[in-house]
Amino acid sequence: MSCRRCGHALEKIGREYIRKECEYIPAQVKVHEYYRATYVCRGCEDGTDECKDCERADNCGKCENRPGMLLVKAEVPEEHRYPVLKHSIASASTVAQMLYDKYVMAVPLYRQVQDWERAGLKMNRATLANWVLSVHRDYFAPLWKHMKEELLKSSVIHCDETTVQVLKEPGKTPTSESYMWAYRSGEHEAKQIVLFEYQQGRSGDYVKKFLEGYEGYFVTDGYAGYNKITSGTRCGCWAHVRRKFLEAVPGSDPNSEQAQGSKAKEGFEFCEKLFMLEREFASLSPEERQAERKKQRRPVLEAFWTWCSSVDALRNSPLSKAIGYATGQKQILGSFLLNGRIPISNNPDENAIRPFVMGRKNWLFCNTPNGAAASAAVYSIVETAKANGLAPYKYLKYLLEQMPRAGGRYSCDFLDMLVPWGPQVQMFCR
C-alpha cells in the first residue's frame with residue numbers, strides 16, 4: 001500500500017481486531033473404490049532349464065517341470081483389509097455417523113435418508129436398519145456382554161425401566177408396551193458403565209435374571225418388582241419420596257404462600273435436609289461419608305419417621321399417599337447408611353435413561369425385537385462413552401475400525417482394549 005497524500009510506501013505498525021465469524025462447511029460423501037493388482041511371471045512360462053533338451057514334449061502336461069503361468073496377487077493394505085460389513089458400501093465413518101444421528105441426536109432413519117441423499121448418496125431406510133442390526137450382531141453384542149460382566153463387579157448398581165413400543169413382537173399387539181431396562185454403575189465406581197436391556201415386560205424376573213448372583217448394593221425406586229431380587233442389598237431412592245411430598249404441597253410449590261404451614265411441606269423439607277447434607281459430603285471419601293451420615297443424617301431420619309407416624313392425613317389424599325410411599329420402603333430407604341458409596345437417590349440412572357426417552361419421542365417405536373435389542377446395545381455404548389468423557393461419534397468409529405480385525409473372535413484381552421475407560425480408547429476418542 002502507498003500513501004494517498006505523497007505516494008510513499010506505507011509501513012505496517014500494528015493491526016486492529018475487527019470481528020470473528022464461524023463458517024459452516026456442509027458434509028460431503030465420497031465413494032472410494034479399491035482395486036487389487038494381479039501379477040504374472042513371464043519367466044515361468046518358458047519352463048525350467050530341463051525343458052530345453054527334453055524329448056517328452058508329448059507328455060509335457062504330466063511333467064513336474066512343465067511350463068506354467070504363475071499369478072501373484074498384491075497384498076491388500078491393512079487399513080482396507082477388513083470391511084465393516086461384507087458386500088456393502090458401508091464404511092466405519094458412514095455407519096458411525098448414522099448411529100450418532102439416531103442414538104445421540106435422535107434423528108429417525110427415515111429422516112436420515114433425506115440427509116444422505118442431499119449429501120449425494122441415495123439410500124433407503126431398510127438399508128440403514130440392516131446396518132444397525134448387522135453391527136449389533138457382529139460387534140456390539142459381544143462388547144455389551146463384556147461390559148455387563150464388568151458392571152456386575154461394581155459395588156453399587158442403579159436400576160430403572162421405561163416403556164418402548166415394538167410393532168412386530170410375537171404374541172403381542174403392535175400397540176402393547178414393552179420395556180427398556182437401564183442399569184448404571186454407582187457414581188463412585190472406578191468404571192462408569194451404562195447398560196440398556198430390552199425385555200418384553202416389566203416383571204421383576206427380568207431384573208432378577210440380569211442381576212443373578214450379584215452381591216452388592218442396587219438402588220431402585222419403589223416398584224415392587226424389584227423385591228424378586230434375592231441377592232444383594234436393595235437401596236431406596238429419596239428423590240422419589242421428595243417428589244411425592246412435592247406433589248402433595250398445595251400448588252406444588254413449597255415457597256408459595258398457600259404452602260406455608262402445610263404438613264406436605266414439612267415432609268418435603270425433611271427430604272431436602274437429607275439432600276443438603278449429601279451435597280456437603282460430596283468431597284469426602286466413602287469411609288468419611290459413611291461416618292458423617294451416621295452422625296448427622298441418622299437423627300434426621302429418626303425425626304422423619306417419627307413425624308410420619310404422628311401425621312393424621314386424610315385417607316387417599318396426596319399427603320397420605322406420600323407418607324404411605326415412604327413408610328412402605330422404610331428399610332430400603334435407610335440402606336444408604338450401610339456404605340458411603342451408596343447414593344441416596346436413583347437420579348444417576350434416570351439421567352442416563354433420559355436420552356433414550358427423548359429419542360423415543362422422535363422415532364416412536366422399534367419395528368422388531370431384534371431392532372429393540374440392537375437399539376439397547378447402541379444406547380449402552382453411546383451412554384457409557386459419554387459417562388467416560390468420550391466423544392460418541394469418535395468412539396463408534398473407533399469400534400467399527402478395530403473390531404472387524406478380530407474376525408469375530410473376541411478374547412477378553414481384545415475387548416478390554418476397546419471398553420470406554422481403556423487407556424488407548426481414552427487417548428483416541430476424547
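We number each residue from 1, following the sequence as shown.
The pair Glu350-Arg243 meets the salt-bridge criterion, with a side-chain N (NZ, NE, NH1 or NH2) lying under 4.0 Å from an Asp/Glu carboxylate O. Glu189 has no carboxylate O lying under 4.0 Å from a charged side-chain N of Lys153, or vice versa, which leaves the two without a salt bridge. Here Glu401 pairs with Lys397 in a salt bridge; the nearest charged N to carboxylate O distance falls below 4.0 Å. Taking 4.0 Å as the cut-off between side-chain N and carboxylate O, Glu21 and Arg19 count as a salt-bridged pair.
Counting heavy atoms from C-beta outward, Phe218 and Cys235 have side chains that stay 4.5 Å or more apart. Between Val72 and Thr38 the shortest side-chain heavy-atom distance does not fall below 4.5 Å. Side-chain contact check for Ser185 versus Ile157: every heavy-atom pair is 4.5 Å or farther apart. Looking only at side-chain heavy atoms (C-beta outward), His158 and Asn347 stay at 4.5 Å or farther from each other. Two residues are said to be in side-chain contact when any heavy atoms from C-beta on lie closer than 4.5 Å; Thr162 and Trp181 fail this criterion. Counting only heavy atoms from C-beta outward, the side chains of His32 and Lys30 approach each other to under 4.5 Å. Side-chain contact between Val156 and Val219: present, with at least one pair of heavy atoms (C-beta onward) separated by less than 4.5 Å. At a threshold of 4.5 Å between non-hydrogen side-chain atoms, the residues Leu167 and Thr368 do not count as touching.
Defined by atom type and a distance below 3.5 Å, a donor-acceptor pair is missing between the side-chain atoms of Gln199 and Ser178. The closest side-chain donor-acceptor pair between Thr127 and Asn124 falls under 3.5 angstrom. Between the side chains of Arg430 and Asn388, no donor-acceptor pair of N or O atoms lies under 3.5 Å. Side-chain N/O atoms of Gln192 and Arg184 include a donor and acceptor closer than 3.5 Å.
Listed by chain and number, the residues in a ring pair (Phe, Tyr, Trp, His ring centres under 6.0 Å) with Phe210 are Tyr183 (sequence neighbours excluded). With sequence neighbours excluded, no residue forms a salt bridge (Lys or Arg N to Asp or Glu O under 4.0 Å) with Lys294. By the side-chain hydrogen bond (donor to acceptor under 3.5 Å, both in side chains) test, Glu266 pairs with Trp307, sequence neighbours left out. Remark: Val419 engages Leu143, His146, Met147, Trp421 in a side chain to side chain contact (heavy atoms under 4.5 Å, CB included) (not counting sequence neighbours). Under the rule for a side chain to side chain contact (heavy atoms under 4.5 Å, CB included), the partners of Pro286 that lie at least two apart in sequence or sit in another chain are Arg289, Arg341. Scored by the side chain to side chain contact (heavy atoms under 4.5 Å, CB included) test, Leu418 finds Tyr398, Leu399, Gln402, Met403, Phe414 as partners (sequence neighbours excluded). Listed by chain and number, the residues in a ring pair (Phe, Tyr, Trp, His ring centres under 6.0 Å) with Tyr223 are Tyr226 (sequence neighbours excluded). Shown here are the ring pair (Phe, Tyr, Trp, His ring centres under 6.0 Å) partners of Tyr103, two or more places apart in sequence or in another chain: Tyr379. Under the rule for a salt bridge (Lys or Arg N to Asp or Glu O under 4.0 Å), Glu288 has no partner lying at least two apart in sequence or in another chain. Listed by chain and number, the residues in a salt bridge (Lys or Arg N to Asp or Glu O under 4.0 Å) with Lys244 amount to none (sequence neighbours excluded). Not counting sequence neighbours, the partners of Glu292 by the salt bridge (Lys or Arg N to Asp or Glu O under 4.0 Å) test are Lys295.
Closest approach of Asp349 to Cys159, counting heavy atoms only: OD2-C, 3.1 Å. The shortest heavy-atom contact between Leu109 and Met98 is CD2-SD, 3.9 Å. Heavy atoms only, all atoms of each residue included: Tyr139 and Pro142 are closest at O-CD, 3.1 Å.
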Just do the salt bridge (charged side-chain N to carboxylate O under 4.0 Å, His left out) check on Lys265 and Glu269 with the steps written out, would you?
CA-CA 6 Å; Lys265 181 183 178 182; Glu269 289 177 342; 3.8 Å; yes
Taking it one step at a time, do Phe268 and Phe245 satisfy ring pair (Phe, Tyr, Trp, His ring centres under 6.0 Å)?
CA-CA 5 Å; Phe268 175 80; Phe245 279 106; 8.5 Å; no
Would Asn370 and Arg137 count as a side-chain hydrogen bond (donor to acceptor under 3.5 Å, both in side chains) if you check the C-alpha gap in whole Å, the side-chain angles of each, and the deciding distance to 0.1 Å?
CA-CA 9 Å; Asn370 285 340; Arg137 178 197 63 215; over 6 Å; no
What do the steps show when you test Thr220 against Arg234 for side-chain hydrogen bond (donor to acceptor under 3.5 Å, both in side chains), and what is the final call?
CA-CA 7 Å; Thr220 73; Arg234 184 180 177 186; 2.8 Å; yes
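Here the side chain of Ser231 pairs a donor or acceptor atom with the backbone of Tyr214 at under 3.5 angstrom. In this structure, Thr233 contributes its side chain and Tyr217 its backbone to no donor-acceptor pair below 3.5 Å.
Annotation: Lys386, atom NZ; neighbour count of heavy atoms from other residues, nucleotides and ligands within 6.0 Å is above 12. By the 6.0 Å contact criterion, CE on Met276 is enclosed, its count of non-hydrogen atoms from other residues, nucleotides or ligands being greater than 12. Atom CD of Gln260 has more than 12 neighbouring heavy atoms from other residues, nucleotides or ligands inside a 6.0 Å radius.
Phe270 pairs in a ring-ring contact (aromatic ring centres under 6.0 Å, His included) with only one of the listed residues (Trp238, Phe304, Trp305), which is Phe304.
Relative to the six-membered ring of Phe336, Arg293 misses at least one condition, a distance below 6.0 Å or an angle of at most 45° to the axis.
Here Leu301 contributes atom CG and Leu333 contributes atom CG; the two are 8.5 Å apart, rounded to the nearest 0.5 Å.
Residue pairs meeting the side-chain hydrogen bond (donor to acceptor under 3.5 Å, both in side chains) criterion with at least one partner in residues 107-117, sequence neighbours excluded, are Asp115-Arg118.
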